[in-house]
Amino acid sequence: QGWDDAQFSVGWAYDQGEGVEQNTDLAKKYYQMAADGGNVDALFKIAYYYDYGEGGVTEDKQKAVKYYQMAADGGHVDAQFNTAYSYDTGEGVEANKELAIKYYL
């Protein structure tokens with residue numbers, strides 16, 4: 001317990017080059033570890049990587065929505081919007097206006 005916050009912080013340091021040499025591969029590794037522990041900020045970051053094909057991953061809208069939704073369900077506000085938008089537009093998932101409204105609200 002609590003390790004996911006530390007893992008996210010290490011990932012952020014590598015992502016931004018804060019105190020260490022910037023390294024996207026290590027950033028993703030630590031973000032993924034934190035995401036696996038349920039860290040909503042890490043879940044959002046992994047979703048973002050898949051959404052835009054960054055962080056050394058291939059763009060995958062379905063995986064992006066999966067991670068956005070996990071972060072959204074954990075209370076991450078930006079992830080709630082992105083999840084709502086995905087269900088609203090059908091980007092990465094089948095459009096579902098009821099779920100879109102749920103996440104928009």
Side-chain angles (χ1 to χ4, degrees):
Q1 184 175 346
W3 290 107
D4 58 318
D5 289 336
Q7 291 162 339
F8 177 80
S9 294
V10 173
W12 181 260
Y14 279 114
D15 192 27
Q16 302 299 309
E18 294 284 331
V20 294
E21 186 174 328
Q22 189 173 21
N23 184 319
T24 304
D25 291 334
L26 284 175
K28 184 181 178 299
K29 174 185 173 183
Y30 282 99
Y31 284 148
Q32 187 64 61
M33 290 167 58
D36 292 344
N39 182 289
V40 296
D41 293 318
L43 288 163
F44 183 82
K45 194 67 177 171
I46 295 294
Y48 183 89
Y49 281 167
Y50 281 116
D51 201 5
Y52 295 99
E54 295 183 9
V57 301
T58 302
E59 183 178 303
D60 186 330
K61 299 295 185 182
Q62 289 178 329
K63 283 186 181 179
V65 174
K66 172 188 163 186
Y67 281 99
Y68 280 139
Q69 189 165 357
M70 287 190 288
D73 290 342
H76 194 285
V77 175
D78 291 333
Q80 290 169 346
F81 176 82
N82 289 359
T83 302
Y85 180 82
S86 295
Y87 280 113
D88 196 16
T89 62
E91 185 174 285
V93 291
E94 186 176 331
N96 183 322
K97 298 301 181 185
E98 288 180 25
L99 282 175
I101 291 168
K102 171 189 169 187
Y103 284 102
Y104 278 135
L105 298 178

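Across Ala27 and Gly11, no two heavy atoms sit closer than the pair CB-O, 3.4 Å. When every heavy atom of Ala72 is checked against every heavy atom of Ala79, the shortest pair comes out as N-CB, 3.6 Å. Closest non-hydrogen pair, Gly37 versus Asp4, comes out as O-OD2, 3.8 Å.
No side-chain heavy atom of His76 sits less than 4.5 Å from a side-chain heavy atom of Leu43. In this structure the side chain of Asp88 reaches within 4.5 angstrom of the side chain of Lys97, judged on heavy atoms.
Rounded to the nearest 0.5 Å, atoms NZ (Lys66) and CD (Gln62) are 11.0 Å apart. Rounded to the nearest 0.5 Å, atoms CG (Asp41) and OG (Ser9) are 9.5 Å apart. With rounding to the nearest 0.5 Å, the separation of CD1 in Ile46 from CE in Met70 is 9.5 Å. A distance of 8.5 Å separates OH in Tyr50 from OG1 in Thr58, rounded to the nearest 0.5 Å.
Among residues at least two apart or in separate chains, ring pair (Phe, Tyr, Trp, His ring centres under 6.0 Å) pairs with a member in residues 4-27 are Phe8-Tyr31.
Tracing side-chain contacts under 4.5 Å through hydrophobic residues (I, L, V, M, F, W, Y), one reaches Val65 starting from Leu99; they form part of the same cluster.
Although no hydrogens or angles enter the test, the distance criterion places a donor-acceptor pair under 3.5 Å between the side chain of Lys61 and the main chain of Asp51. The backbone N or O of Asp15 lies less than 3.5 Å from a partner atom in the side chain of Gln22, making a donor-acceptor pair. Checking side-chain atoms of Gln7 against main-chain N and O of Tyr30 turns up no donor-acceptor pair under 3.5 Å.
Ring centroid separation for the pair Tyr68 and Phe44 comes in under the 6.0 Å cut-off.
Donor-acceptor pairing under 3.5 Å is recorded for the side chains of Gln69 and Tyr103.
Other residues, nucleotides and ligands place more than 12 heavy atoms under 6.0 Å from the CD atom of Glu54.
Take Asp60 and apply the salt bridge (Lys or Arg N to Asp or Glu O under 4.0 Å) test, not counting sequence neighbours, and it matches no residue.
Using the six-membered ring where Trp is involved, Tyr52 and Tyr48 have ring planes that are tilted, between 30° and 60° apart.
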